[in-house]
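These notes concern the structure reproduced below.
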Amino acid sequence: MNTHTNESATVLQLRLIVEAEDFDAAIAFYRDPLGLPEQAAFEGDGDARVSILDAGRATLEISNPAQKLMID
């Protein structure tokens, strides 16, 4: 019988990464009507783009297909 409990195992942050074909439209939707402020934005080789939006304990990362290829 396992009596060990891990009371300190709480979620500190959740990262959700979404690939968006229309990157600018996705950013406009999540940032403007939903009010998620942008924490950071990055651009990389091959037109890779990602924007990190603050959603409280979570971040929503919108990336275009070129950025998703870099992640994978």
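Keep in mind that the numbers below use all heavy atoms, side chains included, and drop hydrogens, waters and symmetry copies.
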Self-check item: From OH (Tyr30) to CD (Glu38), nearest 0.5 Å
Solution: 15.0 Å
Quiz prompt | Shared hydrophobic cluster, Ile27 / Ile17 (ILVMFWY, side-chain heavy atoms < 4.5 Å) | solution = no
Quiz item: Is there a side-chain contact between Arg31 and Leu36, using heavy atoms and a 4.5 Å cut-off?
Solution: no
Quiz item: Looking at CG of Asn64 and CE of Met70, how far apart are the two atoms once the value is rounded to the nearest 0.5 Å?
Solution: 10.0 Å
Self-check item: Shortest non-hydrogen contact from Phe23 toward Ile62
Solution: CE1-O, 3.1 Å
Quiz prompt | Donor-acceptor contact present, side-chain Asp47 to main-chain Ala66, <3.5 Å | solution = no
Give every donor-acceptor pair under 3.5 Å between a side-chain atom in residues 53-60 and any protein atom, sequence neighbours left out.
unit_1 : atom_1 : unit_2 : atom_2 : d
Asp54  : OD1    : Gly56  : N      : 3.1
Arg57  : NH1    : Val11  : O      : 3.4

Quiz item: With side chains defined as the heavy atoms from C-beta onward, is the minimum distance between Ser63 and Val18 less than 4.5 Å?
Solution: no
Practice problem: Mark yes when over 12 heavy atoms from residues, nucleotides or ligands other than Asp32 sit less than 6.0 Å from its CG; otherwise mark no. | Solution: yes
Quiz item: Between Glu43 and Arg49, what is the shortest heavy-atom contact and its length?
Solution: CG-CG, 4.0 Å
Quiz item: Got a second to check how far Lys68's NZ is from Glu21's CD, nearest 0.5 Å?
Solution: 10.0 Å
Self-check item: Any side-chain heavy-atom pair of Glu19 and Pro65 under 4.5 Å
Solution: yes
